[in-house]
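Following: one structure in C-alpha cells, then a few remarks.
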Protein chains: 4
Amino acid sequence: MDFIDYLDSRPIYQQIADRYRQLILTGVMLPDEQLPSVRKLAMELSTNPNTVQKAYAALEREGYVYSVKGRGNFVRANETLKSKQKEEMKGKMIDLIKEIQAVGLNSQELFAEAMEEAAEDDRD
Amino acid sequence: MDFIDYLDSRPIYQQIADRYRQLILTGVMLPDEQLPSVRKLAMELSTNPNTVQKAYAALEREGYVYSVKGRGNFVRANETLKSKQKEEMKGKMIDLIKEIQAVGLNSQELFAEAMEEAAEDDRD
Amino acid sequence: MDFIDYLDSRPIYQQIADRYRQLILTGVMLPDEQLPSVRKLAMELSTNPNTVQKAYAALEREGYVYSVKGRGNFVRANETLKSKQKEEMKGKMIDLIKEIQAVGLNSQELFAEAMEEAAEDDRD
Amino acid sequence: MDFIDYLDSRPIYQQIADRYRQLILTGVMLPDEQLPSVRKLAMELSTNPNTVQKAYAALEREGYVYSVKGRGNFVRANETLKSKQKEEMKGKMIDLIKEIQAVGLNSQELFAEAMEEAAEDDRD
DNA sequence: GTGGTCTAGACCACA
DNA sequence: GTGGTCTAGACCACA
C-alpha cells in the first residue's frame, strides 16, 4: 500500500498528489468519496502529516478535491477536470515534440516506434 | 548571447548543459571544437564559474565532451551519441504515452493535435 | 431543505448562522417566531447538534435570537437590527472601496460593472 | 517594519502574501526587483522561515513572483497581473452586492454612502 | 547565502 | 477525530 518511491526524484508531497490525481481522473475514486485522513495516510506511508497536508492542499487548489474542516477531504465532481487533464497532457506532448525536433530527430517516426514499444511492454 | 532564462524552472547549470548538449547533437558544434572556457562563459552569462563548471562536468560525465587539463573542454567525436540520444527521447515518449493511456486518453489523437499546435507555435 | 453546501469554504456553523440571520433580516422569520430545535435541525441537515448549537449561540450573541431554557430559540423583535446590519454592510463596502483605490483602480467604474454582472447572474 | 497583525484573523502566511501582492500591484516593487530572502524576512517579522516560504510559494503560484534557486525571489513583469487583479476586485464587489441585496438593502445607495465616508476617512 | 523539502510536535477551529 | 497553521530545526540542491 506504500506507493512512495524514495529513489524517485519527485518530492514526496508531489508523489502523493500525483497518485491521487490519477486515482481521481481514472475514476478509481468517485465524486464525494472521502480520501484517507491526513493523519491516517501519513501513518500508512510512514511520512509526516505536514507532507500529506501539502499534497492535499495542492489537490484542493487544483480543484480535484474539496476539504471540509472537521470532516475530511472529498473528491470533487468536476466535469471540467477531464478536459483540463487533456490540455495538460497535450502540453507535455508539445514540449517533448519540440525537444525532439530541436535535436533534429523525426518526431513522427519516433512516436510510432514508441507506440509499438509501449504496446509490447503492456503484453509483458 | 545570454541564453539563460531566469523564469525557466530549470536550474541554471541545467540550462547551460541542455544548451551545449543541443549544440553538439545538432552539429552546430563539431568534434574537437573547443567550448568557451569556464571563466569566459561565466562572465558572458554573468553567472558563477561554479555553475558553469557543474554544467561542463555533467556534459563530460554523459560523454558529450572531454576535458584536457590546462587546455579546456572539447566536443567528443562520438558516433553513438546520436543513437543514445534517440533512445533517451524514445524513453521519454514511451513514458508519456503510458501516462496518457493510463488516464484513458487516446494517445494517437493527442499526438496529432500536439503536432499541429507545435507547428503553429513555430510559425509565430 | 438542506441548505448546507460542502463546497462552500465557510464552516458549517457559519452557513447555518448566515442562513438564519438572513431569514430574520429579510422578514421571512418574524419576531417571536420559533427556530427549529437544535436536534431537529441537526437531523434535517444531517449534521452534528454541536454545530447547530454553535450557530444558535452566535445568533444569540449578536442579538438576532433569544433562547428560553427548555422551550427553544425565538426571533428577537429588535428594531435596531436593521440599522446595525446596514452599518455592517457599509463597513464592508468602505473596506473594499479602500482596497480598490489602494491598487489604483476606479471604484465607481468597478462598482457599475459589478452591478451589471450581479444582475446577469440573477437572470441565470 | 513589522506588518504582521496577530489580531488579524488571516493566517500569518496570508498577511505576508497579501502585503507583497499589494506592493507589487501598486508598483512599489518593480519587475525583477528582489524580495527579501526567506530567512531575512522571517527574522525581521520574528516568524518562522517556513511561514515566509509558504507565502512566497503562494505568490509564485499566482504569478506575482518568480523564484530562482540559490538566488532569491523576484517580482515578475507580468502585464496581465493588473487585469487579473481587477477581476478579483470585481469578484469581491459582486459578492458583496449580492450579500447586500440578499438582506433587502439598496446597494446603490449604500455604495454612495460608503464612498462619501471613505473619502472622509482619507481627509483625516 | 538562497530556496525547497521534510520531520517532530504543538495548538486551534470545527464536527 | 478531522483539517489548518505554526515553530524549531535539519538537510539538500544550487549559485
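Numbers restart at 1 for each chain; the letters A, B, ... are given by sequence-line order, proteins then strands. Just so we're clear, the structure is a prediction, and the values are computed from it rather than from any experiment. Only heavy atoms go into these numbers, but all of them, side chains included; no hydrogens, no water, no symmetry mates.
- Across all strands shown, C/N50 has no heavy atoms under 4.0 Å from either base or sugar-phosphate atoms.
- Identified under the salt bridge (Lys or Arg N to Asp or Glu O under 4.0 Å) test for residues 57-70 of chain C, with sequence neighbours left out: C/R21-C/E62.
- Taking A/K82 as the reference, nothing meets the side chain to side chain contact (heavy atoms under 4.5 Å, CB included) condition, with sequence neighbours excluded.
- For A/E99, the salt bridge (charged side-chain N to carboxylate O under 4.0 Å, His left out) partners at least two apart in sequence or on another chain are B/K92.
- Applying the side chain to side chain donor-acceptor pair (under 3.5 Å) test to D/Q85 and every residue at least two apart in sequence or in another chain returns nothing.
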Let me check something: any side-chain donor-acceptor pairs from residues 47-56 of chain D under 3.5 Å, sequence neighbours excluded? List them with distances.
unit_1, atom_1, unit_2, atom_2, d
D/N48, OD1, D/N50, N, 2.7
D/Y56, OH, D/P36, O, 2.7

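- Screening residues 61-99 of chain A for ring pair (Phe, Tyr, Trp, His ring centres under 6.0 Å) gives A/Y66-A/F74 as the qualifying pairs, with residues at least two apart or on separate chains.
- Taking A/D95 as the reference, nothing meets the side chain to side chain donor-acceptor pair (under 3.5 Å) condition, with sequence neighbours excluded.
- In this structure B/Q34 satisfies the side chain to side chain donor-acceptor pair (under 3.5 Å) test with no other residue, sequence neighbours excluded.
- In terms of position along DNA chain E, the nucleotide closest to D/A57 lies nearer the 5' end than the nucleotide closest to the other residue of the pair A/R71 and D/A57.
- Across residues 6-17 of chain C, C/P11, C/I12, C/Y13 each have a non-hydrogen atom less than 4.0 Å from an atom of DNA chain E (numbered order).
- Interface limits on DNA chain E: the 5'-most and 3'-most nucleotides within less than 4.0 Å of chain A heavy atoms are E/dT5 to E/dA15.
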Which side-chain N or O atoms in residues 3-17 of chain D pair as donor and acceptor under 3.5 Å with protein atoms at least two apart or in another chain?
unit_1, atom_1, unit_2, atom_2, d
D/D5, OD1, D/L7, N, 2.8
D/D8, OD1, D/R10, N, 2.8
D/D8, OD1, D/R10, NE, 3.2
D/D8, OD2, D/R10, NE, 3.1
D/D8, OD2, D/R10, NH2, 2.6
D/R10, NH1, D/D18, OD2, 2.6
D/Q15, OE1, D/D5, N, 2.9
D/Q15, NE2, D/D5, O, 3.0
D/Q15, NE2, D/R10, O, 3.0

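- Comparing B/T47 and A/R39 against DNA chain F, the residue whose closest nucleotide sits nearer the 5' end is A/R39.
- Rounded to the nearest 0.5 Å, atoms CD1 (D/I100) and NZ (D/K98) are 13.0 Å apart.
- In DNA chain E, runs of at least 3 stacked Watson-Crick or G-U pairs (N1-N3 plus N6-O4 or O6-N4, or N1-O2 plus O6-N3, all under 3.5 Å) give these stems: E:1-14 with F:1-14.
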